[in-house]
Amino acid sequence: ASAFAVMFLYLIGVQLIEEWRGRASSISDQIILYGSAFIGAMTFAVTDSHWFNAVEAEVYALSTFFTAICVWLILAWSRHSGESGNVRYIIIIAYMLGLATGIHLLNLLTLPFIALIVYFKKYEFSFQGFAATIGITLLVFMTIYLGIIKGLPNMANEFGLLVPSLVVIGIFAITAYMIKSNNPQWSVILTCVVMIFMGFSTYATIFIRATQHPNINENNPDTIEGALAYMNRDQYGDWSILDRASTLKRPENQYWNRYVKNKNNPTSQEVRNFVWNYQFKEMYLRYFFWQFAGKEDYAKRSWEITKLDGSLIKKLQGINWFRYGLPLALLFGIAGMGHHFYRDPKRALAVLALFLATGLMIIVYLNQYDPQPRERDYSYVGSFFAFSIWISIGLAGLLERVKELLSNDSLSKMVNIGLLSVIFIAMPFTMVYTDYHEHDRTGNYVAWDYAYNMLNSCEPNGIIFTNGDNDTFPLWYIQEVEGVRKDVRVVNLSLLNTPWYIEQLKNQEPKIPLQIKDEHIPKIDPIIGTGMALEKWTTEWTSMKRQL
């Protein structure tokens with residue numbers, strides 16, 4: 001998936017450069033066009049976060065792939081605009097967006113790019129038209145997110161499966177009628193909705209599998225209520241997107257003393273300090289420069305986390321500006337952004353929208369507290385993908401300038417080939433050479449060995465307590481996939497605040513001997529108070545610990 005994302009990035013670079021240069025009609029033009037796009041794509045291929053996603057069993061490699069194919073498809077639509085059957089690109093984009101929602105919601109952030117490409121292809125720029133395009137984009141986003149992804153499960157939970165089933169069948173029927181009555185606009189719009197439904201339907205595999213009650217069955221979404229809680233991520237709690245002060249007050253925000261004197265009454269300046277220094281600088285800009293300038297080695301951590309009084313809390317991996325020599329990728333990307341706006345401002349604005357949507361908008365939406373359980377750079381790879389487009393364009397701008405300065409075509413070809421060779425060695429090749437030892441997982445059996453050793457430290461039919469994903473998943477894997485020490489019961493303390501997990505501990509082999517009735521499990525709530533209430537809670541908790 002990651003390799004295909006790189007391939008589509010190359011094709012995107014080619015198409016965007018062709019928008020102002022035209023198709024390559026000579027060898028020197030081919031060198032500029034294909035050489036620039038190739039080096040830009042190869043640079044992105046070996047950026048730190050994309051490479052990490054590529055060798056990890058997670059959703060983010062597939063998410064990047066769907067982002068790439070959606071961007072390429074709308075550019076293909078633009079290239080073939082006016083041709084018969086060109087609408088198929090729009091329809092398959094809808095299907096890709098539907099499929100992608102079963103992977104990760106990040107792909108919906110390609111909608112601003114898609115909308116601007118359509119707008120600039122079909123209409124002359126006007127403020128009213130631009131504002132209308134933004135409004136339509138938001139409407140489409142809300143229709144997919146609130147109407148389909150959230151709306152259908154909520155409808156099923158409120159009225160039962162029959163009502164959303166009838167809604168979907170009704171939309172299919174109206175679509176068929178519009179196609180039969182030769183209404184092209186509504187046929188396309190409704191066909192896109194149908195394709196999103198079809199892609200989104202892959203989500204059903206989660207719930208079908210849950211009804212079979214496998215040993216690893218997080219959230220147990222085998223009922224409509226359970227499925228809704230699963231999709232809404234209820235176990236992770238809710239948070240306000242725009243209220244940054246409330247994030248400072250959250251109990252998870254352990255490092256509040258970096259920003260405020262009084263956690264429960266932060267000033268406006270303290271909130272702004274938190275947002276800029278943590279959410280933007282530490283949790284985005286630091287990651288951004290990791291990709292295109294360089295990431296510090298773990299042993300040389302220099303990004304200091306300090307309290308307001310200056311005392312050190314810990315150190316993080318910062319930025320090594322000269323990890324790859326000069327930060328050429330960063331310089332070419334910035335130059336490419338400027339060159340793109342100079343040569344083709346409309347599509348440059350579309351790329352900027354993609355860059356901001358997959359970077360800035362995610363920062364605003366996540367509203368992260370400090371500290372996070374792990375580095376979150378993998379969330380912003382779509383933004384790094386967009387910036388890498390400008391690396392290709394920056395290279396094309398440089399090679400164009402060389403061709404203009406050297407009037408001799410043969411000489412300019414030789415110089416540009418030489419330049420591309422030097423840049424290839426100085427940029428993607430140097431990045432591979434420098435970072436390969438960090439990303440190569442050959443012979444890395446730490447997770448397997450950790451799980452094997454932990455399980456075999458237990459006596460027969462023992463219980464082992466873990467706390468979080470990284471502690472737990474290696475043990476689950478080695479038990480369920482490789483059948484190692486299945487007699488040991490793994491108890492994840494992070495999940496013990498969920499009734500479905502307590503029920504599984506009680507009823508699934510190997511069982512925990514909990515003396516509590518199944519119907520009482522969903523009613524367990526924390527008791528906050530003092531005196532008799534606290535004494536009662538302490539007694540009950542002590543009793544449960546003894547049972548365990």
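Keep in mind the model is a prediction, meaning the values are calculated, not measured.
- Heavy-atom contacts from other residues, nucleotides or ligands closer than 6.0 Å to CZ of F4 number 12 or fewer.
- Contacts classified as salt bridge (charged side-chain N to carboxylate O under 4.0 Å, His left out) and involving residues 362-384 (residues at least two apart or in different chains) are given here: R258-D370, R286-E375, R374-D469.
- Atom CD of Q212 has more than 12 heavy atoms from other residues, nucleotides or ligands within 6.0 Å.
- Rounding to the nearest 0.5 Å gives a distance of 11.5 Å between CD of E158 and CD1 of I224.
- Using a 4.5 Å heavy-atom cutoff, the side chains of H213 and D222 are in contact.
- Taking the six-membered ring for Trp, Y284 and Y287 have ring centres at least 6.0 Å apart.
- A side chain to side chain contact (heavy atoms under 4.5 Å, CB included) with S383 is found for one member of I363, L360, T358 and no other, namely T358.
- If you check the side chains of T247 and Q368, you find no donor sitting under 3.5 Å from an acceptor.
- Checking each of L99, T101, L106 against F66 for a side chain to side chain contact (heavy atoms under 4.5 Å, CB included) leaves exactly one that passes, namely L99.
- Looking only at distances, a side-chain donor or acceptor of N444 sits under 3.5 Å from a matching main-chain atom of V446.
- Using a 4.5 Å heavy-atom cutoff, the side chains of L496 and L505 are in contact.
- Side-chain atoms of F113 and V351, non-hydrogen and from C-beta on, do get closer than 4.5 Å to each other.
- For M96 against C70, the heavy-atom pair with the smallest separation is CB-SG, 3.7 Å.
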Test log, rule ring pair (Phe, Tyr, Trp, His ring centres under 6.0 Å), inputs F130 and F125: CA-CA 7 Å; F130 186 74; F125 177 82; 5.8 Å; yes
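- Side chains of N492 and N467: no donor on one and acceptor on the other come within 3.5 Å.
- R485 is not listed as a side-chain neighbour of M454, based on a closest heavy-atom distance of 4.5 Å or more.
- No side-chain donor-acceptor contact under 3.5 Å links N154 and N157.
- Side chains of E218 and W500: a donor-acceptor N/O pair is absent below 3.5 angstrom, by distance only.
- Taking the side chain as every heavy atom from C-beta outward, R441 and E56 approach each other to under 4.5 Å.
- In this structure, T110 OG1 and I93 CD1 are separated by 8.0 Å, a value rounded to the nearest 0.5 Å.
- Within the 4.5 Å cutoff, the side chain of F384 has heavy atoms near those of the S49 side chain.
- Between L354 and V71 there is a side-chain heavy-atom pair separated by less than 4.5 Å.
- Using a cut-off of 4.0 Å between Lys/Arg side-chain N and Asp/Glu carboxylate O, E480 and K486 are scored as salt-bridged.
- In this structure, the side chains of Q15 and W72 come closer than 4.5 Å at one or more pairs of heavy atoms.
- Note that CZ of F141 is 10.5 Å distant from OG1 of T143, once rounded to the nearest 0.5 Å.
- Considering all non-hydrogen atoms of both residues, N220 and A210 come closest at OD1-O, 4.0 Å.
- Of all non-hydrogen atoms in L248 and W256, the two that sit nearest each other are O-CB, 4.2 Å.
- Ring geometry for Y203 against F200 counts as perpendicular: the plane angle is over 60°, on a 0 to 90° scale with 30° as the lower cut.
- One finds the NE2 atom of H104 at 10.0 Å from the OG1 atom of T67 (value rounded to the nearest 0.5 Å).
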Residues R244, Q279; criterion side chain to side chain contact (heavy atoms under 4.5 Å, CB included); working and verdict: CA-CA 10 Å; R244 263 47 191 171; Q279 295 185 340; 3.0 Å; yes
Audit row: Y378, F52, side chain to side chain contact (heavy atoms under 4.5 Å, CB included) steps and yes/no: CA-CA 8 Å; Y378 52 78; F52 183 88; 5.5 Å; no
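- Smallest separation of non-hydrogen atoms from F8 and A68: CB-CB, 3.8 Å.
- Put simply, CG on N86 and OG on S81 are 6.0 Å apart, with the number rounded to the nearest 0.5 Å.
- For an aromatic pair to be called close, the ring centres must be under 6.0 Å apart, and F355 with F385 fails this.
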Evaluation steps, side chain to side chain contact (heavy atoms under 4.5 Å, CB included), between I362 and L109: CA-CA 9 Å; I362 294 176; L109 299 178; 3.7 Å; yes
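- Pairs engaging residues 72-90 under the salt bridge (charged side-chain N to carboxylate O under 4.0 Å, His left out) rule: E18-R79 [sequence neighbours left out].
- One distance of note links CD1 of I216 with CD of Q504; it measures 10.0 Å at 0.5 Å rounding.
- Within a 6.0 Å radius of CD in Q185, other residues, nucleotides and ligands contribute 12 heavy atoms or fewer.
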Audit row: Y95, I196, side chain to side chain contact (heavy atoms under 4.5 Å, CB included) steps and yes/no: CA-CA 5 Å; Y95 182 53; I196 292 171; over 6 Å; no
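- Atom CH2 of W448 sits in a crowded spot, with more than 12 heavy atoms from other residues, nucleotides or ligands closer than 6.0 Å.
- The environment of Y452 atom OH is sparse: at most 12 non-hydrogen atoms of other residues, nucleotides or ligands sit within 6.0 angstrom.
- Aromatic pair H50/F44: ring centres closer than 6.0 Å.
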